[in-house]
There are 2 protein chains.
Amino acid sequence: MPAEPLSRPRIVAAAIDLIEREGADAVSMRRIAADLGVGVMSLYNHVPNKAALLDAVAETVLSGIEFTDDPDAGWTDRVRMQARAFRQIAHHYPRCTMVVVSRQLQSPAGLLPVERALATLRSAGFDGEEAVRILRMFIAYIVGSLLREVGVTPTFAPVHSSPVDLRKVDPALFPEIDALSAELGSCDHEAEFEFGMELLVQAIAVRREQGNG
Amino acid sequence: MPAEPLSRPRIVAAAIDLIEREGADAVSMRRIAADLGVGVMSLYNHVPNKAALLDAVAETVLSGIEFTDDPDAGWTDRVRMQARAFRQIAHHYPRCTMVVVSRQLQSPAGLLPVERALATLRSAGFDGEEAVRILRMFIAYIVGSLLREVGVTPTFAPVHSSPVDLRKVDPALFPEIDALSAELGSCDHEAEFEFGMELLVQAIAVRREQGNG
DNA sequence: GCGTGGCACGTACGGTGTACGTCCGTCAAT
DNA sequence: ATTGACGGACGTACACCGTACGTGCCACGC
């Protein structure tokens with residue numbers, strides 16, 4: 001009856017749609033099947049179980065990253081570009097970000113960014129051990145930044161909502177927080193991300209000039 | 001019948017115990033009640049719902065951090081100490097780390113580390129805006145590092161397990177990953193954490209000497 | 001014509017969170 | 001001492017979840 005014959009990509013796409021519309025908590029096999037106008041158990045002809053489906057969601061989102069690597073650019077710019085590309089996940093699939101981040105993938109889609117980043121760092125002159133360390137540091141920073149950006153908004157408000165209601169804190173107990181409530185209350189995610197990334201890029205640039213360590 | 005009369009702290013303690021023993025996926029109200037030798041619905045006399053219980057778990061774990069701030073030390077050492085204190089969560093409560101990280105708290109337990117960090121940065125001479133930025137950067141790095149350290153081991157093997165099975169990758173597609181499989185396959189979490197933290201600390205130290213930005 | 005295999009689907013089972021009603025022990029006021 | 005209120009422990013019930021299993025249909029190779 002369905003115009004298209006129910007395939008794994010269609011199921012994954014429906015899952016991503018559902019997550020973006022109603023949050024990851026709304027995902028259930030029954031719900032996805034209903035959205036596709038299909039019986040629940042039909043899904044299991046294409047996907048072994050729910051965990052594998054979420055893995056496929058993560059892989060699909062990850063493979064949607066536009067990695068435009070410019071070999072002519074300096075290595076610092078290439079690092080910046082790759083970090084920004086990763087951050088685009090949070091823009092294109094904000095509600096899926098948590099799903100992507102909370103599962104590690106050994107699939108090609110998950111390994112490609114790693115491969116690219118290592119190649120860039122090696123071409124910059126870092127040895128293998130150093131390249132892996134730097135990459136891990138960047139990944140930690142990026143993942144942490146994405147988590148803040150996406151917020152702990154797993155199901156709730158679409159995007160907005162102030163991070164914390166800072167008017168309720170006791171100024172006597174938390175004087176700094178009280179004094180800086182304006183700065184803490186708002187957050188330009190892009191500026192914050194760029195700030196930290198710039199610090200990291202320049203730090204490893206300095207480290208390279210010093211003849212690594 | 002229970003020797004002790006079933007209180008909120010007892011419920012939270014049972015939840016933490018259960019998470020550490022069997023992973024966060026094993027947590028259910030029925031299971032916690034069974035572990036306490038108590039009816040399921042009795043829990044709801046002390047905890048409004050499961051989400052609030054997990055919030056309480058996060059808050060309890062967070063308040064267990066030993067923040068020994070030494071005002072005589074230099075500000076860089078104080079920053080290091082606070083970052084390491086935060087990382088201790090992953091050691092004391094490895095299976096709870098994901099729970100802590102995936103919920104933001106506006107409770108005192110969650111705000112105290114923020115207050116301390118801001119005070120340290122302000123005392124180092126950073127203005128408010130800069131202090132907030134630096135703090136956010138550190139939090140992102142620490143959170144990302146904890147996630148890697150705890151792994152995506154939500155329920156599975158206790159601690160070990162190589163992060164990825166790198167023998168299955170195609171050397172033609174991923175030459176760098178193949179060449180660096182040894183470095184990628186093992187990870188000294190403490191050394192990696194210290195490496196990135198040191199880079200960040202020195203980067204902001206340089207920035208301060210340059211008269212901020 | 002006739003297996004045969006893939007796919008859609010229904011049913012069923014054991015699990016989940018929690019709303020609601022009931023019971024009972026304790027304590028305050030009469 | 002009696003009564004009344006109240007808080008906490010508990011059982012039942014409901015809607016929902018993932019998924020194991022069996023059934024039927026249909027399109028194909030022989």
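Just the heavy atoms: all of them, side chains too, but no hydrogens, waters or symmetry mates, feed the values below. Letters go in sequence order (proteins before strands), and every chain restarts at 1.
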Enumerate the protein-to-nucleotides 11-18 of chain C contacts in which both atoms are nitrogen or oxygen and the separation is below 3.5 Å.
from, atom 1, to, atom 2, distance (Å)
C/dT16, OP1, B/Ser28, OG, 3.1
C/dG17, OP1, B/Met29, N, 3.3
C/dG17, OP1, B/Lys50, NZ, 3.0
C/dG17, OP2, B/Met29, N, 2.9
C/dG17, N7, B/Arg30, NH1, 2.6
C/dG17, O6, B/Arg30, NH2, 3.0
C/dT18, OP2, B/Tyr44, OH, 2.9
C/dT18, OP2, B/Lys50, N, 2.9
C/dT18, O4, B/Arg30, NH2, 3.3

Without placing hydrogens or testing angles, list every side-chain donor-acceptor pair under 3.5 Å for residues 117-124 of chain B, not counting sequence neighbours.
from, atom 1, to, atom 2, distance (Å)
B/Thr120, OG1, B/Gln82, NE2, 2.6
B/Thr120, OG1, B/Arg116, O, 3.0
B/Arg122, NE, B/Phe126, O, 3.4
B/Ser123, OG, B/Thr120, O, 2.7

Ignoring hydrogens and angles, write down the donor-acceptor pairs under 3.5 Å from the side chains of residues 35-45 of chain A, residues two or more places apart or on other chains.
from, atom 1, to, atom 2, distance (Å)
A/Asp35, OD1, A/Arg31, NE, 3.3
A/Asp35, OD2, A/Arg21, NH2, 3.2
A/Ser42, OG, A/Gly39, O, 3.4

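Shown here are the side-chain hydrogen bond (donor to acceptor under 3.5 Å, both in side chains) partners of A/Glu198, two or more places apart in sequence or in another chain: A/Arg80, A/Gln202. Residues satisfying the salt bridge (charged side-chain N to carboxylate O under 4.0 Å, His left out) test with B/Arg8, not counting sequence neighbours, are none. Applying the ring-ring contact (aromatic ring centres under 6.0 Å, His included) rule to B/Tyr141 yields the partners B/Phe193; only residues at least two apart in sequence or on another chain are considered.
Distances shorter than 4.0 Å separate none of the side-chain N or O atoms of B/His46 from OP1 or OP2 on D/dG7. Under 4.0 angstrom from either OP1 or OP2 of D/dG8 there lies no side-chain N or O belonging to B/Ser42.
No more than 12 heavy atoms of other residues, nucleotides or ligands sit less than 6.0 Å from atom CD of A/Glu129.
With rounding to whole Å, B/Arg10 atom CZ is found 14 Å from D/dG8 atom C1'. For B/Asn45 and C/dG25, the CG to P distance is 16 Å, given to the nearest whole Å. Atoms CG (B/Leu6) and C1' (C/dG25) sit 16 Å apart, rounded to a whole Å. The CG atom of A/Leu43 sits 14 Å away from the C1' atom of C/dG10 (whole-angstrom rounding). Distance, A/Ile32 CD1 to D/dC16 P: 17 Å, rounded to whole Å.
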